[in-house]
Participant: 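Quick one: the structure is below, and I'll ask about it shortly.
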Amino acid sequence: MGFMGYIFKALGFENDEVRTKPKKVKKTNASFKFKNGKMTNRAEHIDGIPVYYPENFEQAKDYAQFLRDKKAFIISVESCNKDDASKIFEYYHGVAFGLRAKMITLEEDKLYLLLPEGMEVEE
């Protein structure tokens, strides 16, 4: 099962029943932001899961509430400096551990999927 299968499983769209018709899924379902009238290549959502781009550690701390509210999200540290990116990774690693959530690396040192307790990714 590919990446899309993992995401749909995490969101609860997959079940153990046998399907009669295969589900058609687009490879990406991304929306893009406009900044100063120009389109950026930053997706606001990837397959329905919100993506956040904190610029520093202080901004990143605000998103932990989503895990407490049992909502999955993706955090990208590509716009942070290395020190802040490292702090963000460590912070969310601790938050995930404390809330029994999962932190899955989607792109090494850049993109992380955070799943609340009870959500699974099928491998």
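As the structure is a computational prediction, the values presented were derived from the model and not from experiment.
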Participant: Provide the closest heavy-atom pair for Phe73 versus Leu67 in the form atom of the first, atom of the second, distance.
Facilitator: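 Closest heavy-atom pair between Phe73 and Leu67: CE2-CG, 3.7 Å.
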Participant: Please say yes or no: joined through hydrophobic side-chain contacts below 4.5 Å, possibly via intermediate residues, are Ile46 and Leu106 part of one cluster?
Facilitator: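 Ile46 clusters together with Leu106.
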Participant: Check residues 79-91 and write down every donor-acceptor pair under 3.5 Å in which the side-chain atom is one partner and the other belongs to a residue at least two apart or another chain.
Facilitator:
residue	atom	partner	partner atom	Å
Ser79	OG	Arg42	NH2	3.3
Ser79	OG	Pro54	O	3.2
Asn81	OD1	Asp83	N	3.1
Asn81	OD1	Asp84	N	2.7

Participant: Indicate every side-chain donor-acceptor pair of residues 56-63 with a distance under 3.5 Å to a residue at least two apart or in another chain.
Facilitator:
residue	atom	partner	partner atom	Å
Asn56	OD1	Glu58	N	3.2
Asn56	OD1	Gln59	N	2.9
Glu58	OE1	Lys61	NZ	3.3
Gln59	OE1	Glu55	N	2.7

Participant: Any link between Phe97 and Phe66 through a network of hydrophobic side chains (Ile, Leu, Val, Met, Phe, Trp, Tyr) touching at under 4.5 Å?
Facilitator: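 Looking at the clustering, Phe66 is in a separate group from Phe97.
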Participant: Not counting sequence neighbours, which residues clear salt bridge (charged side-chain N to carboxylate O under 4.0 Å, His left out) with Lys71? List them please.
Facilitator: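 Result, salt bridge (charged side-chain N to carboxylate O under 4.0 Å, His left out) vs Lys71: none returned.
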Participant: What about Val77 and Leu114, same hydrophobic cluster or not, with Ile/Leu/Val/Met/Phe/Trp/Tyr joined at side-chain heavy-atom distances under 4.5 Å?
Facilitator: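 Looking at the clustering, Leu114 is in the same group as Val77.
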Participant: Rounded to the nearest 0.5 Å, what's the gap from CG on Leu99 to CZ on Arg68? Could you check?
Facilitator: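 Atom-to-atom, Leu99:CG and Arg68:CZ are 6.5 Å apart.
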Participant: Between atom CG of Leu111 and atom CD of Glu78, what is the distance when rounded to the nearest 0.5 Å?
Facilitator: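 So the gap between those two atoms works out to 7.5 Å.
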Participant: Nearest 0.5 Å, what's the CD1-CD1 distance between Ile49 and Ile74?
Facilitator: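 Output value for this atom pair is 5.0 Å.
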Participant: Quick one: closest heavy-atom pair of Met119 and Lys70, and the distance?
Facilitator: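 Shortest heavy-atom contact: CE-O, 4.0 Å.
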Participant: Can you tell me if Tyr112 uses its side chain to pair, donor with acceptor, with the backbone of Tyr92 under 3.5 Å?
Facilitator: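 Not a single qualifying donor-acceptor pair exists.
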